[in-house]
Amino acid sequence: MSSWTIATWNVNSIRTRLEHVLSWLQEHSPEVLCLQETKATEEQFPLQPFQDRGWHVAQSGQKSYNGVALISREPLDEVRAGFPGDPDPSKARVLSGTWRGTRLITVYVPNGSEVDSPSYDYKLSWLAAMQSWLEQEGDPAQPLAILGDFNIAPDDRDVYDPERFRGRILCTDAEREALKRLTGWGLHDLFRRYQKAGGHYSWWDYRAGRFRRNLGLRIDLILASEALTARATDCRIDPAPRRLERPSDHTPVLATFSG
DNA sequence: ATGGTTGCCTTGCAA
């Protein structure tokens, strides 16, 4: 196939966002769409509407919170939920699968709540554990991507008001250093290969008209290994679903590749 | 202005 697309979207409940996701799939026809915050047990996930339209679904879910899924045209190989060393394997935050030799890992990184809270400490230890897993079992020389809601704005260009967010959750030095360790392992933040300017966001708080005023953060990322990055042709954010009625607070990020 | 909105099926918690 000459051109193919992978994408990531934190949908904030797959049951509430079902129609948005189905129409987005029809419009963009990605090879794989990674979802986060499905907020459904595996029994609650609306499988049939996807299957009726020819999509395959791999999922890892739990009641009320978290939940990740991989929607694909072809069934994925070696699908695996979670990772060894996860500090809390009961939380459905990671799902991986292989599409035509490319390893795809979707992640819903813990939010962290507030700096110096137990949730924040958990976020940092979770990121360290994920890094250890990748270093032990992954290979950045192979085609591989990590896609998802990282709950980290990589730098000040990714924040609508860097001074307001300085030292606050999603923007602390410790979070950004954890992300740099991850990319330092051999991954590229694909969006930044194609767009150097700030002001491009993937998440806007529901409150205070933040989307209308484009007061957002770029926290949904596609990190690709060198082997995969070499085949990339574009990476962009699609703001359209954020304008729909009852939207997710996040919008999809897509990457396209050749070959 | 430490506000505000959404989704879970809680009557608060997480984001």
Side-chain angles (χ1 to χ4, degrees), chain A residues 8-22 24 34-47 49 59-69 86-95 106-127 130 147-154 158-172 174-176 178-179 201-221 237 239-253:
Chain A
T8 181
W9 190 2
N10 178 324
V11 291
N12 187 19
S13 169
I14 186 57
R15 288 173 289 172
T16 300
R17 233 62 67 193
L18 178 62
E19 294 306 320
H20 291 190
V21 174
L22 291 173
W24 195 88
C34 305
L35 303 179
Q36 304 86 37
E37 282 206 275
T38 54
K39 292 188 172 176
T41 63
E42 290 169 29
E43 294 74 22
Q44 291 171 322
F45 194 106
L47 277 182
Q59 52 153 333
S60 173
Q62 64 179 92
K63 183 177 149 72
S64 302
Y65 299 114
N66 308 312
V68 283
D86 186 335
D88 185 355
S90 73
K91 304 289 190 290
R93 293 188 177 277
V94 173
L95 186 65
T106 190
V107 300
Y108 176 48
V109 174
N111 172 280
S113 188
E114 289 176 47
V115 177
D116 295 332
S117 68
S119 298
Y120 179 75
D121 296 341
Y122 173 71
K123 179 180 196 172
L124 295 179
S125 49
W126 191 94
L127 286 162
M130 185 174 74
L147 311 86
D149 177 359
F150 285 77
N151 270 315
I152 302 171
D158 303 309
V159 184
Y160 71 87
D161 184 347
E163 289 314 315
R164 176 194 172 106
F165 278 81
R166 183 91 49 222
R168 289 173 59 173
I169 198 69
L170 314 177
C171 301
T172 65
E175 291 166 278
R176 287 173 168 176
L179 188 61
Y201 310 124
S202 66
W203 169 79
W204 300 260
D205 197 302
Y206 281 124
R207 298 169 288 192
R210 292 254 170 80
F211 179 67
R212 183 176 50 76
R213 298 185 285 155
N214 194 30
L215 306 179
L217 278 74
R218 190 177 69 92
I219 56 178
D220 300 271
L221 310 176
I237 297 168
R242 188 64 175 78
R243 299 190 188 103
L244 298 173
E245 208 168 320
R246 283 190 90 190
S248 169
D249 44 353
H250 298 250
T251 209
V253 182

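Here is how names work: the chains are called A, B, and so on, in the same order as the sequence lines, proteins then strands, and each is numbered from 1.
- With the nearest nucleotide of DNA chain B identified for both A:K39 and A:N151, A:K39 has the one nearer the 5' end.
- With both ends at atom P, the span from B:dA1 to B:dT11 equals 35 Å, rounded to whole Å.
- Side-chain proximity of A:S64 to the nucleotides B:dG4, B:dT6, B:dC9 is greatest for B:dC9.
- The six-membered or imidazole ring of A:F211 lies away from that of A:Y201, with a centre-to-centre distance of 6.0 Å or more.
- Atom OH in A:Y65 sits roughly 13 Å away from atom C1' in B:dT6 (whole-Å rounding).
- If you check the side chains of A:K39 and A:N12, you find a donor sitting under 3.5 Å from an acceptor.
- Straight-line distance from the OH atom of A:Y160 to the P atom of B:dG4: 15 Å, rounded to whole Å.
- Within the 4.0 Å cut-off from OP1 or OP2 of B:dC9, at least one side-chain nitrogen or oxygen of A:K63 is found.
- Nearest nucleotide to the side chain of A:S13, out of B:dA15, B:dC9, B:dG7: B:dG7.
- Considering only side-chain atoms of A:R17, the nucleotide from B:dT6, B:dG4, B:dC13 that sits closest is B:dT6.
- Of the candidates B:dC9, B:dA15, B:dG7, the closest approach to any side-chain atom of A:N12 belongs to B:dG7.
- Taking atom C1' in both B:dA14 and B:dT10, the straight-line distance is 11 Å, to the nearest Å.
- Considering only the side chain of A:Q44, B:dC9 comes nearest among B:dG7, B:dC9, B:dG3.
- Atom pair A:D249:CG and B:dC8:C1' shows a separation of 14 Å (rounding to whole Å applied).
- For the pair A:R93 CZ and B:dA14 P, the interatomic distance rounds to 11 Å; values are reported in whole Å.
- A:F211 comes within contact range of no nucleotide atom at all, as no heavy-atom separation falls under 4.0 Å.
- To the nearest angstrom, C1' of B:dT2 lies 15 Å from CD1 of A:I169.
- Checking B:dG7, B:dG4, B:dC8 against every side-chain atom of A:R246, the shortest atom distance belongs to B:dG7.
- Closest-nucleotide positions on DNA chain B for A:R164 and A:R15 were compared, and the one nearer the 5' end corresponds to A:R164.
- When A:D220, A:D158, A:T8 are each tested for a side chain to side chain donor-acceptor pair (under 3.5 Å) with A:S202, only one passes: A:D220.
- Atom pair A:L170:CG and B:dA15:C1' shows a separation of 10 Å (rounding to whole Å applied).
- By the 30° and 60° cut-offs, the orientation of the rings of A:W203 relative to A:H250 is tilted.
- When A:R176, A:R168, A:E175 are each tested for a side chain to side chain donor-acceptor pair (under 3.5 Å) with A:T172, only one passes: A:E175.
- Comparing the P positions of B:dC9 and B:dA15 gives a spacing of 15 Å, expressed to the nearest Å.
- If you measure from atom CD of A:Q62 to atom P of B:dA15, you get 10 Å, rounded to the nearest angstrom.
- Taking each heavy atom of A:P241 and A:P247 in turn, the nearest pair found is O-CB, 3.6 Å.
- Nucleotide B:dG3 holds its P atom 11 Å from the CZ atom of A:R168, rounded to whole Å.
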